[in-house]
Amino acid sequence: MIIVLDKLIDEKAIDDLVDFIVSKGCSFTKTKSDNRSVLLITENQSMLSYLELEAFPIVEKIVRIENEYQKVSSKNNPIKIVVKDTIIGRDSFSFIAGPCTIEDYQQLKDTADFIKSKGLKFLRGGAFKLRTSPYSFPGLGIKGIEYMKRVCEETGLISVSEIICVEHIDLMSQNIDILQVGTRNMHNYRLLSRLGKIKNPIILKRGMASTIEEWLLAAEHIINSGNPNVILCERGIRTFENYTRNTLDLSAIPAVKKLSNLPIIIDPSHSTGKREMIKSMSWAAIAAGADGLIIEVHPSPNKAICDSRQTINYQMLDSILEPLNSLLTLWNKN
Ligand code: PEP
Ligand code: MN
């Protein structure tokens, strides 16, 4: 990081700034350029935030050389996650499917049996739902977690379910294989750092109004607290367009690949909100290099309690899967 100071030489103000920088554990060298003092931060620059530095009136300009996120940066080796002998990462493809919300044992078991018959390995299903309206179905709660655990024990599938608060960490980490942080919780930094204390892989959905940098910094919160097993999930962002539920930002795939070492999966269900768009967006995501998909599927989508408009049936899932192997050869994935 380079901090360019005001042309006016105010040694007292420079000393105050230097004291602040040293108090953050940073090292620096001071030099002059074009008659200005310039501080080059040589160590621990991630301890310094723009906002704090800009509060010093002598700071004229800050140039960051390194990104603020260091642990999720692409300068590190790509993250490879192993769950029940299945690998999630840049060289593989993780196809996650299941209902938006767990409704009863039979609905989940039927879906799981179908998913398994297609050779897929991951079952999603929400037990605790964060709903926009307080009058919408909030999920089956603990009963839903019990169904998920039972169905995954019976089928050998890997379970994926959303964690909505810190209080559920023990319950979720002990009963569910992969925990999902929903879009509404991407900024819940207390939850993120607590998830850094457990070992379960975490699917971190992109905040619906978050930049890629904010999303990577959210992932950094988890990894910085000790859990490197993070999977990013692009689930659509808010734009002026309202034909679709959100706007699926497929360009996040190559962006994340350039910036980060984390796997990235795509959620065509919450991004489009329309079941007839799931196939094309799924194929487009694979073509763009996604490391996986997470799709809402239900035995009878029209009867789904939650998100039925975007939920596909088995036949539609089948048609998405048909060319999967040949699409995956585009990126040498398996
Ligand atoms: C979900 O996957 O069930 C969900 C609620 O997604 P999001 O947080 O992306 O809205
Ligand atoms: Mn849903």
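- Judged by distance alone, the side chain of Lys121 and the main-chain N or O of Lys84 form no donor-acceptor pair under 3.5 Å.
- Grouping the Ile, Leu, Val, Met, Phe, Trp and Tyr side chains by contacts below 4.5 angstrom, directly or via other members, places Leu250 apart from Met277.
- More than 12 heavy atoms of other shown residues, nucleotides or ligands fall within 6.0 angstrom of atom NZ in Lys257.
- Counted by atom type alone, Thr132 and Arg184 present one or more donor-acceptor pairs between their side chains at under 3.5 Å.
- Linking Ile, Leu, Val, Met, Phe, Trp and Tyr residues whenever their side-chain heavy atoms come within less than 4.5 Å leaves Val59 and Met47 in two separate clusters.
- Among residues two or more places apart in sequence or in another chain, the side-chain hydrogen bond (donor to acceptor under 3.5 Å, both in side chains) test is passed with Arg245 by Asp307, Gln310.
- Residues forming a side-chain hydrogen bond (donor to acceptor under 3.5 Å, both in side chains) with Thr311 (at least two apart in sequence, or on another chain): none.
- Looking at heavy atoms from C-beta onward, Glu52 lies in side-chain contact with Phe20 at the 4.5 angstrom threshold.
- Between the side chain of Ser260 and the backbone N or O of Val72, at least one donor-acceptor pair lies under 3.5 Å.
- Looking at heavy atoms from C-beta onward, Val38 lies out of side-chain contact with Lys32 at the 4.5 angstrom threshold.
- Under the 4.0 Å criterion applied to side-chain N and carboxylate O atoms, Arg206 and Asp249 are assigned as salt-bridge partners.
- Remark: side-chain polar atoms of Lys205 are not paired, donor with acceptor, to backbone N or O of Leu232 under 3.5 angstrom.
- Residues passing the ring pair (Phe, Tyr, Trp, His ring centres under 6.0 Å) test with His270: none are found, sequence neighbours excluded.
- In summary, the side chains of Asp177 and Ser159 do present a donor paired with an acceptor at a separation below 3.5 Å, with no hydrogens or angles considered.
- Taking the six-membered ring where the residue is Trp, the centroids of Phe122 and Phe95 are separated by 6.0 Å or more.
- With respect to the salt-bridge test (charged N to carboxylate O, under 4.0 angstrom), the residues Arg275 and Glu296 do not qualify.
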Quiz item: Please walk me through it: do Arg194 and Ser225 pass side-chain contact (heavy atoms from CB on, under 4.5 Å)?
Solution: CA-CA 7 Å; Arg194 286 291 301 278; Ser225 299; over 6 Å; no
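- In this structure, Arg150 is positioned above the aromatic face of Tyr105, its NZ or CZ under 6.0 Å from the six-membered ring centre and within 45° of the axis.
- In summary, the side chains of Ser210 and His187 do present a donor paired with an acceptor at a separation below 3.5 Å, with no hydrogens or angles considered.
- The closest side-chain heavy-atom distance from Met186 to Glu214 is below 4.5 Å.
- Checked against Lys30 for a side chain to side chain contact (heavy atoms under 4.5 Å, CB included), the options Leu5, Leu39, Leu40 give a single hit: Leu39.
- At least one test fails for Lys109 against the ring of Phe114: distance under 6.0 Å to the centre or angle within 45° of the axis.
- A 4.5 Å side-chain heavy-atom check between Ile163 and Phe128 finds every atom pair outside the cut-off.
- Side chains of Thr247 and Thr239: a donor-acceptor N/O pair is present below 3.5 angstrom, by distance only.
- The closest side-chain heavy-atom distance from Lys149 to Glu153 is below 4.5 Å.
- Residues Cys26 and Glu43 fail the side-chain proximity criterion, which asks for heavy atoms closer than 4.5 Å.
- Within the 3.5 Å criterion, the main-chain N or O of Tyr69 finds no donor-acceptor partner in the side chain of Ser73.
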